[in-house]
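Notes for the one structure printed next.
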Amino acid sequence: DERLQNPEKAFKVNTYIQAQVNVQSEFRKRFTDKAIDVLREVQFFTPRFLLSSLPDIQSVNIEKLCNFYEMDAMNVAKELTEFRPVFQKLHTIICVNDLMSGTRSMQNESENEDEGDDIETDSKVNNCKKWAEQSFVKPLRALQELSGFSALDMLYKIFVSLAITSASA
């Protein structure tokens with residue numbers, strides 16, 4: 001174990017590689033093959049899938065997810081098939097601006113700042129808007145205004161909290 005004289009190599013060996021090993025270890029602990037299979041099936045509930053022209057899913061496509069949450073896969077698949085065309089019609093009128101109240105203050109602040117800061121603020125605002133469009137919030141809001149989708153309503157309540165519970169784990 002000779003001391004590395006080159007600061008870049010020393011950083012790589014002492015910090016970067018060690019951090020990479022720690023991240024890989026944490027991923028292995030947190031994401032088992034079973035968890036990855038469940039997360040893979042979550043894609044069928046994203047706004048991107050709901051708005052796509054891909055064929056409707058079958059219960060076998062979401063079996064692991066439904067088993068994980070102790071739900072009937074056939075019922076969830078049926079509700080999702082019925083919900084997709086409704087969401088496709090409603091998604092443009094579902095408002096999520098209340099979730100982005102901080103973006104308005106960012107925009108107002110950026111009017112008084114340098115152009116470099118303005119670009120950074122625009123990027124943050126765009127990221128917030130993109131998140132709102134791609135998150136599970138819009139489908140959940142639509143479901144809360146509809147009846148007959150109790151299984152989906154429960155799943156979307158779980159999905160909107162996944163990022164928070166995973167980050168705090």
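- Side chain of S25 to backbone of V21: no donor-acceptor contact under 3.5 angstrom is found.
- Using a 4.0 Å cut-off between a side-chain N of Lys or Arg and a carboxylate O of Asp or Glu, E82 and K78 qualify as a salt bridge.
- Contact detail for K138 and I94: the closest heavy-atom pair is CE-O, 3.3 Å.
- To the nearest 0.5 Å, the span separating CG on L155 from CZ on F149 amounts to 13.5 Å.
- Hydrophobic clustering, with ILVMFWY side chains joined whenever heavy atoms are under 4.5 angstrom apart, groups L146 together with I158.
- Looking at L80 and L50, their side chains come closer than 4.5 Å, going by heavy atoms from C-beta outward.
- For Q24, the side-chain contact (heavy atoms from CB on, under 4.5 Å) partners two or more places apart in sequence, or in a different chain, are Q20, R28.
- Taking 4.5 Å as the limit, some side-chain heavy atom of E79 sits within range of a side-chain heavy atom of S150.
- Using a 4.5 Å heavy-atom threshold, the side chains of F136 and T46 count as touching.
- The line from CG of N22 to CD1 of I17 is 12.0 Å long, rounded to the nearest 0.5 Å.
- The minimum heavy-atom distance between C66 and A73, with the atom names listed, is SG-CA, 3.6 Å.
- In this structure, the side chain of R84 engages the main chain of S52 through a donor-acceptor pair within 3.5 Å.
- With rounding to the nearest 0.5 Å, the separation of CD in E41 from CD1 in I36 is 12.5 Å.
- The shortest side-chain heavy-atom distance between F45 and L152 falls under the 4.5 Å cut-off.
- Y69 and V42 end up in the same hydrophobic cluster when Ile, Leu, Val, Met, Phe, Trp and Tyr side chains are linked at under 4.5 Å.
- Among all heavy-atom pairs drawn from K157 and Q144, the shortest one is CE-NE2, 4.1 Å.
- Note on V60: it does not cluster hydrophobically with M71, by side-chain heavy-atom contacts below 4.5 Å among ILVMFWY residues.
- The line from CG of D37 to CZ of F68 is 11.5 Å long, rounded to the nearest 0.5 Å.
- Between the side chain of Q43 and the backbone N or O of R40, at least one donor-acceptor pair lies under 3.5 Å.
- Listed for the Y156 side chain is no donor-acceptor partner under 3.5 Å among the backbone atoms of A142.
- Residue V137 comes nearest to V160 through the heavy atom pair N-CG1, 3.9 Å, listed as atom of the first residue, atom of the second, then distance.
- Shortest non-hydrogen contact noted between L65 and V38 is CD1-CG1, 3.5 Å.
- When the ring-ring contact (aromatic ring centres under 6.0 Å, His included) test is applied to F49, the partners found at least two apart in sequence or on another chain are F44.
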